[in-house]
Structure formats: C-alpha cells, structure tokens
Peer 1: 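This is the structure I want to talk about, given as structure tokens.
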Amino acid sequence: MAIYDKLNDKQQEAVFCTKGPLLILAGAGSGKTSVLTHRAAYLLDEVGVKPYNILAITFTNKAAQEMRERIDKLIGFGSDQIFVSTFHSMCVRILRRHVDLVGYSNNFTIYDNDDQKSIMKEVCKKLEIDTKKIKERSILNQISSAKNELVGPEKFAMGTAGDYILSKVAACYAEYQATLHKNNAFDFDDLIMKTVELFTEHPEVLENYHERWQYIMVDEYQDTNTAQFELVRLLASGSRNICVVGDDDQSIYKFRGANIRNILDFEKHYPDAKVVKLEQNYRSVQTILDAANAVIRNNSSRKDKSLWSKNGEGDKIHFRQFDTAMEEAEYVASDVLRSVRKDGFKFSDSAVLYRTNSQSRMLEERFVRENIPYRIVGGINFYSRREIKDLIAYLKTVDNGADDLSTRRIINIPKRGLGATSVTKVQMVADEMGISFFDALSHLDRAGIKGSTADKLRSFESMILRLRAINQAEGPVKLIKEILDVTDYINQMEVESEEEADERIGNIEELVSKITAYCEEHAEPTLTGLLEEIALIADIDSVTEGEDRVLLMTIHSAKGLEFTNVYLTGMEDGLFPSFMSVTEGDEGIEEERRLAYVAITRAKRNLTISSARARMINGETQYNAVSRFVNEIPNSLFDTPPVRKKQYGEDYSEDRYEGTRSFRSFDSGFSRKSDYSDEGDTYGGFKRTADEPSAYDISKPYNPYSRPKASARKTPEEDKPFIVKAASLDNLKKGSDIAAGGSSKLKAGDRVRHVKFGDGTVISVVKETRDDKVTVQFDTAGQKIMYASFARLQII
DNA sequence: TTTTACTTCGTTTTT
DNA sequence: CGAAGTAAAA
C-alpha cells in the first residue's frame, strides 16, 4: 500500500471510501487531484474494479489529460480505459451514438457563441424583434440560463403571456431551437440538456451506461449547473457510487449557470453521503493562505474551513499602487526580469492574472518591449478569427450539409458575386420545400434564378460535392489543402488586406498543422471528429509545461493552476470587484470574493498585488479606489509598501517604490469629486466621453493633487498609444533591430529581411499617423507594401 | 454588389 | 478606445 502512505489521514479516508456517495471538500491546493488519482488507482488495484467501469468528469480537457497522466504514473496500466472526459465531450460521445433517438442525425454540428449570435439575429429578423430594444446577447443569455435549468422552450413559454419581453424571448427560444434542429446543430448548453433528455426519454440507453460506469467521480463539482447535476444524478442512480470533489469557496461560474447549492446541498440530495474535508494545503506558504482565509472569511453561506500548511511562513505579500495602468505593466515586466536575474526564477515560474481580458493589452505591450517571453491565454480565440472561421465553415459544410449557417457564410468567400439577393432567393426555396440551403441549390429553376448567377451557384454546388468526395477518399488533411487551393484563399487575402495578410496566413498554416496533428494522433481520423475537437477545445488546454514563458490570463482561466510567483493586477473597486457585481449586491460581491480567493491561492511563494489610480476603460479614464478585497487582508501580511506624494515633473525614477505608508488609509487618495468634476472624467460615478480629451494622459505621470493646465492637453494624434504587434518568440530572440511601429528606423535603400518574403530593398517609407507604410522590393517575392510595425522587418 | 465612412455601444468571467 | 454594425456611395 506504499503509494497511499504519502497521503495524509483525510486524503486516505477519501481514497479508501469507495462505496456510496462521497463528498470531498477540497480546499485550494489540498491535493485533490492526488486524491482522485489515488482513488482511481485504489479502485483498480485493491477493489478489483475494471478500468472501463470508471468514469471521471472534469471541466477542461487539460484537467482530464492531467488526471489520466497521473493515474498512468501511479499504476502504469489500464488507465487509458478509464473514461476521463469533460462534461461536454462526454455528452458529445453519448449523443453521437444515440441522438437519432431524439430526432437529430449523428453528424451534428456544434455551434459556438458567434454562431449562436448569427442564428439569433436571423430569428429576431424573422420574428420582427427590434434588436436594439432586446439584444441578441440578452436573449441568448436567458435561453442559456433556461437550458442550464433544463427548461425547454415549451416550459419557458408557460406563464410569459403577460410579460411583453419574456413572451418575445419565449418565441425566440422556440424559433432558435427549431433553427438549430433544422441545421442539425447543437449549442454548448444543448449538449448537456439533450443528453439528459435522451436518458430521461430512453431509460434503456441510460441502463447501458449504468452497467458501464459503476464508479463515478466528478471534479470541480462546485461549478456544475442544474443540468449537469441532473446528468450526474442520472448516471449515478444505478450504482450510487458517486464521488464528487469541490470547493464551495472556488465557485466562480455562476454566470454560466453554476449552482453553488449543488455542492452545499450534496448531503441533502444524498443523506447517506460521507463527507471528507481537506484543509491542509501543500501549495502555498502560510502568509498567502492567511491572506486567502482573511478574504474569504467575509463571505456568508459557505462551508466553514480554513487552509493551513507546513510550508513555512514565507515572504510578505507585496502591494504596489501606481498612477496608471501603464506604470503597473512596467512594474510587472521589470519585476519579472528581476525575479529571473536575482531569484533565479524561470519565466514560467511567473503568471500575471487579471479580471478582464482587455487588461492584457498593456501588459503584452510591455512584455514585447522588454523582450520577455510570454503567452496570453484566452482572449480572442484562435478559432474565432475570421479566416479560421471561414475555413471551418467550409469543413462544416462538407461535413454537415444541413448546416445552413456555414454554407451561407462561405457561399461568397472568396467573392463570387453571390450577394444577399441570391442567398435570399435560395433560402426561400429551402424554406418552402423544407430542405437545407445547400440542397436547395439543385432547385434553382424554382428559385427563379437564371443566367450567370445560376452558373455561379451551380459551380459552388459542384465544388462542395467534389470536396465531399475528396474528404471521403482522402481525409481531412487533403481536404483542407484542396479547399485552400480551390478557393485561392491565401492569394485573395493578400490582395484585400495587405497589412493583416501576414498574420492571417500564419493562422491558416497553424490550422493546417493542427489538422495534420489531429489526423496523426487518431487511429481513425474523421472530419466529424476533427470539428468536434475544435469546437470543444479551450484555450487553456493547449498550455503545456516546458515552455519557458510568463503566462498572462484571467483569473477564471487560472483556476486549477499554480505558480511560484503571481502578479494579481488591476485590484481596483469597479474593476475587481467589477462594477456589475457591485450593483448586484451581496451575491455578486461574494462571487467576486471567491474569485479573489482563487487568485490569491494560485501563488506558491510570492504574491504581488497591484492597482492603478487611473485606468482607461472603454475609452474613458476611470479613477478607482483600491479593491475592497485588498483591504480585507490584514496589514501585517504585507511588506511595507511605499506611498509617494508625487509632485508634478519630479523625477521619481529612482525611488518610485520606496518609502513607507499605511495602504489602508490611502485608498485612491483623491476622491473629492468637486475638485475635478468639471474635467468630465469619471469621478465617483461621473463619466466623461472619449472625445473630450482629459488633461491626464494616462501614458504620462501626472500630479493628482494640482489642477492641470490647459496647455497640458494633448492632441488626439499624440494621444494614440504606441502599439507594437505581438512578435513571435522567434522574433523576440532574434535581437534588437526589429523595426517597430511609430518609430521605424527604416529609410529608402535599406536592405531588409522579412520572415516570409526573404530579403529585399526598401523603396519608400511613407509616414502615416499610426505607423510607417513601407514599400519593399523583395528579391524573390516581388514588391510589397506593408506597415512597418507589422512586417517586423529586420535591417540587414 | 461592394467598398467606405460614419455611428453606436460597451460580456467581467467561458465550456 | 475599438469592434461591429449601418448608411451611403462607387
């Protein structure tokens, strides 16, 4: 039993409890993955359970993969037969097998958020709903919530008759669902809801899975929504061997339907449940845990627990307040460099966390400038870039001819002279005949389309049919290459958008290699499988160890991860906790507080908390006080953070972070609205608009204590931030002579090197407001016009 | 039909 | 500040 000896008493208790319902309340860093993997090992080794009788559900593919690897390490065999999966991919697997029973066909498509919005737009048009009064996103959110609560369109409609908006939403829901059905598509929420529906309506199918999965484990149970709760309940209703692991203090997904009651009321749902609490933390030093405990203590409705560790007290927590977000970013970048140089840290030891994705911009800018290798997780998803969505739409059209959305997306890509008029005509025939848009292409006479337009449509149709044949015969890799070939997509792009073509081509190449990788990894690669993997992939899934880069991400993305050195940035009231949550009241604040708890507990040794007095948000400068969560951390846990009352123009570069103060009394330092309200900036809720430039240019130091002179105002031109496009790691390593935007050193006659086009001679440099436009005659690739910052030309 | 210029508006967080 | 959507022009 040697492998279990390393576990503490509580952990062992959880591992050895194999029968009946078990709730493991696992505080942050308490070794819950270890418990789960050991429990799986114990089931296999000691209880004699067959690996295929075990189901483990996680929330991300990364977590699933990690769990499988760790079980593998523990026992070395059979782990590949354990079904370790996310909720969503598990449901897709089940639906692919049985979905015909509930009226869909098995090659269904999965729609992402963009797709949903497109569909909803169509629905609103059809139902003559003014999307300015009721926004698509709002309708979709309500539908999503309904689905997460297992409320179908019919049930939703009940009792909405009196309410104008609700009845409209109900109508949209029904129409939206009908459209999805017609397109043979599911959205994310459907995957769960339809699986529950399948099991409820077809108990014989559920029976199969009862036999198959006799031991069920669910990770991150606090993040389950009602639909997922019900799904788990159904699956476990056979054996009742259900083990859930979670931490109510880390429930941060309410916005996507997570119901914290699922974990709080587990013992009510399963009165015979055994409960094990894991409070010993193996991750962090005590100071960090003290801070986390101090913050989370302010929440009501929680299971009482308190983290402790034997890792020693550790360093104090650093707190730094800056005048601007720019300075904050500068500090983080410089401190990362310091940690590498002075503490012997690797870049990958550090992570920068923030509340909102938009905060990554300034940090990225700084990291590029300092040549710090970094990676941003999340934000604009790779698969939601236009060129990628276009090509995926081709793949989806080939895979699922019923997917009208994808077909209509690509019908005029590249430009074939097929506009809205032709699309509408074809769609009308499709609607009349009750067939798909694609199938309607073979009834052009009925649509009243003749002549050249008809020819174009026919050639589109035959192209898709040919692509289908290629997919059948030769598979996805050949297919995507053929699509690129036949559409001449890359050339088309270079013609259209000179400045972005480079990046887009890179993305396309990446897509091709991803598809190639998929086909190599799978024994029987299929287009359906490929698209499914693409639909369910999360950005965090591709974060692998071994890359020596600083990770930048939202706190949400960071859940489950740990880092030696963590920067928690943007700790300002109004940003974190967000303005939205403040208006929601206690419940909103408590969710944000849990988020703060998650953020703090990511740190193993060092934690730096920072905030800015002024920050540009949505084109307006906001002046926020230090986050209330910072104030909930006792003073004694901080180092002695500096405060400086800067005078305008004073050189502060030497001792910016020196001095002593009590941060608690400081707040934003200048919160009297009357002093500044005539400037129009946001002050205690008053806002100014972007076109009235503030005297405070946030990229420059300013004096918050004296009135700025009118002459200090900047013109909008100068106001524009210096932007350097993200350079790849390779380029970062190459050295210093990369021409950046705004300050291009290029001049006519220079010999330059381009990543893609090779060597060439600069013909001309035209200064433009944003960037220099450079014309280069390449030795082999011909003449190109490009923006200096973008082209990343290297002077040779 | 397609491109360009102007206007509006603000998801905090994601499978 | 930007993205995204809309109206007008080519």
Side-chain angles (χ1 to χ4, degrees), chain A residues 57-64 85-92 110-114 116-117 121 131-132 135-138 140-141 144 147-148 186-192 220 223-225 227-228 251-258 353-359 361-362 377-381 383-384 386 412 415-423 453 496-497 535-541 553-559 570 572 574-584 588 591-592 594-595 598-599 615-622 687 689-691 693-694 698 716 719-721 723:
Chain A
I57 307 175
T58 60
F59 268 82
T60 63
N61 295 296
K62 183 176 159 58
S85 163
T86 65
F87 267 106
H88 293 271
S89 40
M90 173 181 76
C91 288
V92 171
I110 301 164
Y111 279 169
D112 65 16
N113 291 342
D114 289 342
Q116 286 183 286
K117 207 177 162 199
K121 213 171 175 184
T131 52
K132 276 180 187 146
K135 283 186 233 59
E136 293 102 325
R137 200 65 272 158
S138 149
L140 284 166
N141 283 340
S144 175
K147 286 181 175 177
N148 290 332
F186 290 122
D187 63 22
F188 286 124
D189 302 317
D190 279 335
L191 296 175
I192 315 287
E220 306 280 13
D223 288 330
T224 53
N225 60 38
Q228 288 161 335
S251 171
I252 56 173
Y253 282 106
K254 189 170 163 226
F255 72 93
R256 91 184 174 197
L353 308 184
Y354 37 78
R355 180 67 240 272
T356 68
N357 280 307
S358 60
Q359 286 167 255
R361 262 218 179 91
M362 216 165 268
V377 179
I380 326 115
N381 189 299
Y383 292 101
S384 55
R386 200 188 69 198
N412 202 28
K415 304 250 154 51
R416 300 183 175 92
L418 294 169
T421 325
S422 329
V423 169
T453 308
E496 282 170 30
S497 54
L536 297 179
I537 202 130
D539 209 46
I540 195 75
D541 295 338
M553 67 192 125
T554 63
I555 301 162
H556 281 89
S557 294
K559 193 164 78 149
E572 296 136 41
L575 184 63
F576 188 19
S578 72
F579 177 72
M580 283 297 236
S581 68
V582 175
T583 57
E584 274 172 37
E591 173 106 350
E592 295 283 300
R594 290 192 289 270
L595 198 52
V598 168
R615 184 183 297 273
M616 180 84 95
I617 293 172
N618 290 344
E620 81 188 15
T621 306
Q622 288 189 9
K687 294 185 173 182
T689 51
D691 51 359
S694 164
I698 69 150
D719 223 28
K720 284 200 173 145
I723 291 175

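Per chain, numbering begins at 1; letters A, B, ... match sequence-line order.
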Peer 1: Look up atom CZ in A/R615 and atom CE in A/M362, then write down how far apart they are to the nearest 0.5 Å.
Peer 2: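 With rounding to 0.5 Å, CZ (A/R615) is 7.5 Å from CE (A/M362).
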Peer 1: Using a heavy-atom cut-off of under 4.0 Å over every strand shown, decide if A/E592 touches base, sugar-phosphate, or nothing.
Peer 2: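 Base contact.
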Peer 1: In whole angstroms, how far is the P atom of C/dA3 from the NZ atom of A/K117?
Peer 2: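 Answer to the nearest Å: 14 Å.
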Peer 1: Nearest to the side chain of A/T421, which nucleotide is it out of B/dT15, B/dG10, B/dT1?
Peer 2: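 Shortest atom-to-atom distance from the side chain points to B/dT1.
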Peer 1: Name the closest nucleotide to the A/Y253 side chain, picking from C/dG5, B/dT12, B/dT14.
Peer 2: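 Among C/dG5, B/dT12, B/dT14, the one nearest the side chain of A/Y253 is B/dT14.
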Peer 1: Applying a 4.0 Å non-hydrogen cut-off, can you work out what A/S89 is touching in the nucleic acid: base, sugar-phosphate, or nothing?
Peer 2: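 No contact at all - A/S89 keeps every heavy atom at 4.0 Å or more from the nucleic acid.
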Peer 1: Find which nucleotide of DNA chain B each of A/A420 and A/T86 is nearest to by heavy atoms, and output the residue with the more 5' nucleotide.
Peer 2: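 The residue closer to the strand's 5' end, by nearest nucleotide, is A/A420.
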Peer 1: Applying a 4.0 Å non-hydrogen cut-off, can you work out what A/S358 is touching in the nucleic acid: base, sugar-phosphate, or nothing?
Peer 2: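 Result for A/S358 = nothing.
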Peer 1: For the base of B/dT11 and the side-chain ring of A/F255, does the geometry meet a stacking cutoff of under 5.5 Å between centres and under 30° between planes?
Peer 2: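 No, A/F255 does not stack on the base of B/dT11, since the centre distance and plane angle fail the 5.5 Å and 30° test.
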Peer 1: Using the rule side-chain contact (heavy atoms from CB on, under 4.5 Å), only one of A/T86, A/N61, A/V377 pairs with A/D541; which is it?
Peer 2: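 Option passing the side-chain contact (heavy atoms from CB on, under 4.5 Å) with A/D541: A/N61.
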Peer 1: Within the pair A/S581 and B/dT12, is there a side-chain N or O less than 4.0 Å away from OP1 or OP2?
Peer 2: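 Looking at the OP1 and OP2 atoms of B/dT12, neither is under 4.0 Å from any side-chain N or O of A/S581.
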Peer 1: From C-beta outward on A/R137, which listed nucleotide comes closest to its side chain: B/dT15, B/dT11, B/dT12?
Peer 2: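 Out of B/dT15, B/dT11, B/dT12, the nucleotide with an atom closest to A/R137's side chain is B/dT11.
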Peer 1: Test for a donor-acceptor pair under 3.5 Å between the base of B/dT15 and the side chain of A/R256, counting only N and O atoms.
Peer 2: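 Such a pair does not exist between side chain and base.
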Peer 1: Check the pair A/Q359, A/L575 against side-chain contact (heavy atoms from CB on, under 4.5 Å), reporting the backbone distance first and the verdict last.
Peer 2: CA-CA 10 Å; A/Q359 286 167 255; A/L575 184 63; 3.6 Å; yes
Peer 1: Closest approach to the side chain of A/R355, judged atom by atom: which nucleotide of B/dT1, B/dT15, B/dT13 is it?
Peer 2: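 That would be B/dT13.
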Peer 1: Which of the following nucleotides, B/dT14, B/dT11, B/dT12, is nearest to the side chain of A/T554?
Peer 2: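 Nucleotide nearest to A/T554's side chain: B/dT14.
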Peer 1: Do side-chain atoms of A/H556 reach the backbone of A/I252 as a donor and acceptor pair under 3.5 angstrom?
Peer 2: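 Yes; at least one donor-acceptor contact below 3.5 Å.
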Peer 1: Just the rounded figure in Å: distance from C1' of B/dT12 to CE of A/M553.
Peer 2: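 Checked: the CE to C1' distance equals 17 Å.
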Peer 1: Would you kindly give the CD-to-P distance between A/E620 and C/dG2, to the nearest whole Å?
Peer 2: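 Rounded to the whole Å, the gap is 15 Å.
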Peer 1: How would you label the contact of A/K135 with the nucleic acid (heavy atoms, under 4.0 Å): base, sugar-phosphate, or nothing?
Peer 2: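 Sugar-phosphate contact only - A/K135 comes under 4.0 Å of backbone atoms but never of a base.
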Peer 1: Which one is paired to C/dA8, where only Watson-Crick or G-U wobble pairs with both distances under 3.5 angstrom count?
Peer 2: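 Per the H-bond distance test, B/dT3.
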Peer 1: For A/Q622 and B/dT12, give me the distance from atom CD to atom P, rounded to whole Å.
Peer 2: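 Taking CD of A/Q622 and P of B/dT12, I get 12 Å after rounding.
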Peer 1: In whole angstrom, give me the gap between the P atoms of B/dT13 and C/dA4.
Peer 2: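 My reading of the P atoms in B/dT13 and C/dA4 gives 14 Å.
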Peer 1: In whole angstroms, how far is the P atom of C/dG2 from the CD1 atom of A/I617?
Peer 2: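 One finds 14 Å between P of C/dG2 and CD1 of A/I617, rounded.
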Peer 1: Find the distance between OG (A/S581) and CD (A/E591) and round it off to the nearest 0.5 Å.
Peer 2: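 Between A/S581 OG and A/E591 CD, I get 9.0 Å after rounding to 0.5 Å.
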Peer 1: Distance check needed: B/dT14 C1' versus A/L536 CG, whole Å only.
Peer 2: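 After rounding, the reported distance stands at 13 Å.
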Peer 1: Just call it for A/N113: base, sugar-phosphate, or nothing, with non-hydrogen atoms closer than 4.0 Å on any strand.
Peer 2: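 It contacts base atoms.
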Peer 1: Please state how far atom CD in A/E584 lies from atom C1' in B/dT11, giving the value in whole angstrom units.
Peer 2: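 One finds 12 Å between C1' of B/dT11 and CD of A/E584, rounded.
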Peer 1: Output yes when at least one side-chain N/O atom of A/K559 is less than 4.0 Å from OP1 or OP2 of B/dT13, else no.
Peer 2: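 False: A/K559 side-chain N/O out of range (4.0 Å or more) of B/dT13 OP1/OP2.
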Peer 1: What I'd like to find out is whether the side chain of A/K147 reaches to under 4.5 Å of the side chain of A/D187, using heavy atoms alone.
Peer 2: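 Yes. Closest side-chain heavy atoms under 4.5 Å.
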Peer 1: Taking N and O atoms by type only, does the side chain of A/T356 place a donor or acceptor under 3.5 Å from a partner on the base of B/dT12?
Peer 2: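 Absent.
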Peer 1: When you compare the side chain of A/T131 with that of A/K121, does any pair of heavy atoms fall below 4.5 Å?
Peer 2: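 Of all side-chain heavy-atom pairs linking A/T131 with A/K121, none is under 4.5 Å.
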Peer 1: Using the side-chain heavy atoms of A/M580, tell me which of these nucleotides is nearest: B/dT15, C/dG5, B/dT12.
Peer 2: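 Within the option list, the nearest is B/dT12.
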Peer 1: For a quick check of understanding: with a heavy-atom distance under 4.0 Å over all strands, which category does A/N412 fall into, base, sugar-phosphate or nothing?
Peer 2: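 A/N412: backbone/sugar contact only, no base atoms under 4.0 Å.
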Peer 1: Between A/N618 (CG) and B/dT11 (P), how many Å, whole number?
Peer 2: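 From A/N618 CG to B/dT11 P: 7 Å.
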Peer 1: If we call it a pair only when both distances are under 3.5 Å in a Watson-Crick or G-U wobble match, what pairs with C/dA3?
Peer 2: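 B/dT8 is the nucleotide pairing with C/dA3.
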Peer 1: Between B/dT13 and A/N357, is there an OP1 or OP2 to side-chain N/O distance shorter than 4.0 Å?
Peer 2: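 Result: yes.
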Peer 1: Pick base, sugar-phosphate or nothing for A/G417, based on heavy-atom distances below 4.0 Å to the nucleic acid.
Peer 2: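 Here A/G417 touches the backbone only, sparing every base.
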